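Worksheet: the structure to be examined is printed underneath.
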Amino acid sequence: MTTPRLRFAPSPTGYLHVGGARTALFNWLYARRHGGQFLLRVEDTDKARSTDESTRAIFEGLEWLGLMWDEPVVYQGANVERHRADAERLLASGHAYRCFCTAADLDFRRKVAEANEGAFKYDRRCDQLDRDEVARRVAAGEPSVVRFRVPEGNTGWTDLVHDSISFPNKDIEDFVILRSDGTPIYNMAVTSDDIAMHITLVMRGDDHISNTPKQIMLYEALGAPMPQFAHLPMIHGSDGKKLSKRHGATAVADWQHEGILPQAMVNFLALLGWSPGGEFDEVMSIDELIAKFDAAGLRKTAAVFDTKKLEWMNGQHLVRMALDELAPLARRKIAAAGLATESDLEQRGAWFNTLLELLRVRARTVDDIVRQAKPFLVASVEYDEHAAAKAWKDAADARALLVAVRDTLAGVAWEATALETALKALAETRGIGAGKLFGPMRVALTGEANSPGMFDVLVVLGRDLTLARLAAAIVDLDRRTGVT
RNA sequence: GGCGGUAUCGUCUAGGGGACUAGGACGCGGCCCUCUCAAGGCUGUAACACGGGUUCGAAUCCCGUUACCGCUACCA
């Protein structure tokens, strides 16, 4: 068996959608798993809708996910000459014929048919024309399209995900392959390109199932070797409808901006419509996915995009990834949020890594880390009123506690076990559990109700910042006591 | 309308005639751990669309119904 060649063939009419990303991923995974090639073909022949900007968005999305293609990008628009030549070959070999029916006429006949019998199918009237008449009308400059003459019988194939699918040819009309202006129609262009690119497995969305018999007939008429086909199910939104902008973030770039990691996105997408089977750990690296990927695990049913699970998946990858890989991402986001500069964080590398280690376990996205990192980066904190209302309920009491904490901490070596010993001793002399100390301290030091463990907070914050924040809290509590 | 595709917990799925009192994961609830929040551990909730067959035996095979999705262009 020759090595498989697959392609992802998006039309550049928007951003890279998660559905398209998954199609690309499965193609890529299959190629990697079987030592084949993964190619990218931009289907830009719809000049009205294609833009360079969306072509770039597709490249960026694929690059971000790590789905690199193995050969130079193929632009479909550059191959119209070959498409046309293939269509004309079909005309010459008698597999296709000229049709002089105008679009307006066809439109009218279609409307009439729909009003009466329902379905409209081209009646092949131009196939009755004799050769001389066709030649005369062409010579006279009358515009015509080229239609493929669909043969009798059935057209079917063994789909890698659906097993066997077949269509009675009588339900397929003699479809146009060349427009009157000489440009190719989609099915012609795709088939011509897939043949030229030596694609052995056409893996795409199942919205292409009804195009497949037409393409198969084209392969046969052109005498080209038949590839295999695999039709992947769609991805739906939480309401079961096809995923669209209404459902929120549907572009992979949206998730990138929300702090989702590419490896988490890949992992999540891989499990939408595919399963390695049996029991397995759902959190997998890209290499594990490649090793396990198998067309037999492809599902037939549409899947709902569950953002909750994506976020959980991201949290898992956040904890498992190398700190050296996470640090630059976090630095960039923190800098973008204006909390520190990248170079400053880089200089405090060891300290920053300690902080990340503390935060990533309680974060689901990189953006969560940025939010949680704030108290450790800014000069002074603002108090979350909910947190203050609870932990500083009795302002005078909280003040007294914080004064004692400040006095104790001021004379202690800044090291976790020493700090712990000192604070536990303080709690004991005051006849309270150490936990009673931490609530008020947490608000004073971070402004929040939640944070990493108290001793970790103290160490990461450092002596000076800690004492300054305690002093600031005491002042604030004075104000609160006065008001009450 | 015609043609095609699909149908297991709310969601992602395992399952491919008996191992199914249908398993796992997310979510949700409870408990444990615990200075808070997470993480982690344990645990609970919850599904084979419906109706006929085939078979000693169907979630698994066949047919029909229903629902949903896709296609039905001189779009891609």
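Here is how names work: the chains are called A, B, and so on, in the same order as the sequence lines, proteins then strands, and each is numbered from 1. No experiment lies behind these values; they were computed from the predicted model shown. Just the heavy atoms: all of them, side chains too, but no hydrogens, waters or symmetry mates, feed the values below.
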So what's [N] paired with, Watson-Crick or G-U wobble, going by both distances under 3.5 Å?
{"N": "B/C61", "value": "B/G53"}
{"N": "B/G16", "value": "none"}
{"N": "B/C9", "value": "none"}
{"N": "B/C3", "value": "B/G70"}
{"N": "B/C35", "value": "none"}
{"N": "B/G29", "value": "B/U43"}

Within a radius of less than 6.0 Å around [atom1] of [X], do more than 12 heavy atoms belonging to other residues, nucleotides or ligands occur?
{"X": "A/Phe280", "atom1": "CZ", "result": "yes"}
{"X": "A/Glu428", "atom1": "CD", "result": "no"}
{"X": "A/Asp281", "atom1": "CG", "result": "yes"}

Any chance the rings of [X] and [Y] have centres within less than 6.0 Å?
{"X": "A/Trp69", "Y": "A/Phe59", "answer": "yes"}
{"X": "A/Phe8", "Y": "A/Phe26", "answer": "no"}
{"X": "A/Tyr122", "Y": "A/Phe175", "answer": "no"}

Pick the [atom1] atom in [N] and in [M], then give their distance to the nearest Å.
{"N": "B/A59", "M": "B/A22", "atom1": "P", "value": "10 Å"}
{"N": "B/C28", "M": "B/A38", "atom1": "P", "value": "10 Å"}
{"N": "B/G41", "M": "B/G24", "atom1": "P", "value": "14 Å"}
{"N": "B/G23", "M": "B/C31", "atom1": "C1'", "value": "23 Å"}
{"N": "B/G17", "M": "B/G53", "atom1": "C1'", "value": "15 Å"}
{"N": "B/G27", "M": "B/C20", "atom1": "P", "value": "27 Å"}
{"N": "B/G64", "M": "B/A7", "atom1": "P", "value": "16 Å"}
{"N": "B/C74", "M": "B/U60", "atom1": "P", "value": "43 Å"}

Exercise for the section: For B/C74, take OP1 and OP2 only and decide whether either is under 4.0 Å from a side-chain N or O of A/Arg110. Expected result: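 Affirmative; the distance criterion is met.
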Practice task
Examine B/A38: is either OP1 or OP2 under 4.0 Å from a nitrogen or oxygen in the side chain of A/Gln316? Give yes or no.
Solution key: no
Check the distance between [N]'s [atom2] and [X]'s [atom1] and give it to me in whole angstrom.
{"X": "A/Arg41", "N": "B/A76", "atom1": "CZ", "atom2": "P", "answer": "13 Å"}
{"X": "A/Arg360", "N": "B/G40", "atom1": "CZ", "atom2": "C1'", "answer": "15 Å"}
{"X": "A/His386", "N": "B/U36", "atom1": "NE2", "atom2": "C1'", "answer": "16 Å"}
{"X": "A/Arg320", "N": "B/A39", "atom1": "CZ", "atom2": "C1'", "answer": "12 Å"}
{"X": "A/Phe438", "N": "B/C35", "atom1": "CZ", "atom2": "P", "answer": "8 Å"}
{"X": "A/Trp312", "N": "B/A39", "atom1": "CH2", "atom2": "C1'", "answer": "13 Å"}
{"X": "A/Asn267", "N": "B/C26", "atom1": "CG", "atom2": "C1'", "answer": "13 Å"}
{"X": "A/Asp456", "N": "B/C37", "atom1": "CG", "atom2": "P", "answer": "16 Å"}

Under 4.0 Å, counting only non-hydrogen atoms across every strand here, what does [X] touch: a base, just sugar-phosphate, or nothing?
{"X": "A/Asn187", "result": "nothing"}
{"X": "A/Thr45", "result": "sugar-phosphate"}
{"X": "A/Pro143", "result": "nothing"}
{"X": "A/Ser451", "result": "base"}
{"X": "A/Arg49", "result": "base"}

Handout entry: A/Phe455 side-chain proximity, nearest of B/C35, B/C74, B/A38
Key = B/C35
Fill in the blank from the handout: The contact string for nucleotides 4-15 of chain B, one letter per nucleotide 5' to 3', using protein heavy atoms under 4.0 Å with B, S and - for base, sugar-phosphate only and none, comes out as SSSSB--SBSS-
Problem - Exercise: do A/Arg89 and A/Ser192 side chains pair donor with acceptor under 3.5 Å - result: no
Exercise for the section: Return the 5'-most residue of the pair A/Lys308, A/Ala363 with respect to RNA chain B, ranking by each residue's nearest nucleotide. Expected result: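 The answer here is A/Lys308.
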Practice task
Determine the minimum heavy-atom distance between A/Ser451 and A/Val457, stating which atoms define it.
Solution key: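 Scanning both residues completely, I find the closest heavy atoms to be OG-CG2, 3.6 Å.
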Handout entry: Non-hydrogen atoms of A/Val150 and A/Met217 that approach each other most closely
Key = CB-SD, 3.8 Å
Exercise for the section: Quick one: do A/Phe376 and A/Phe352 satisfy ring pair (Phe, Tyr, Trp, His ring centres under 6.0 Å)? Show the steps, please. Expected result: CA-CA 10 Å; A/Phe376 300 94; A/Phe352 188 56; over 10 Å; no
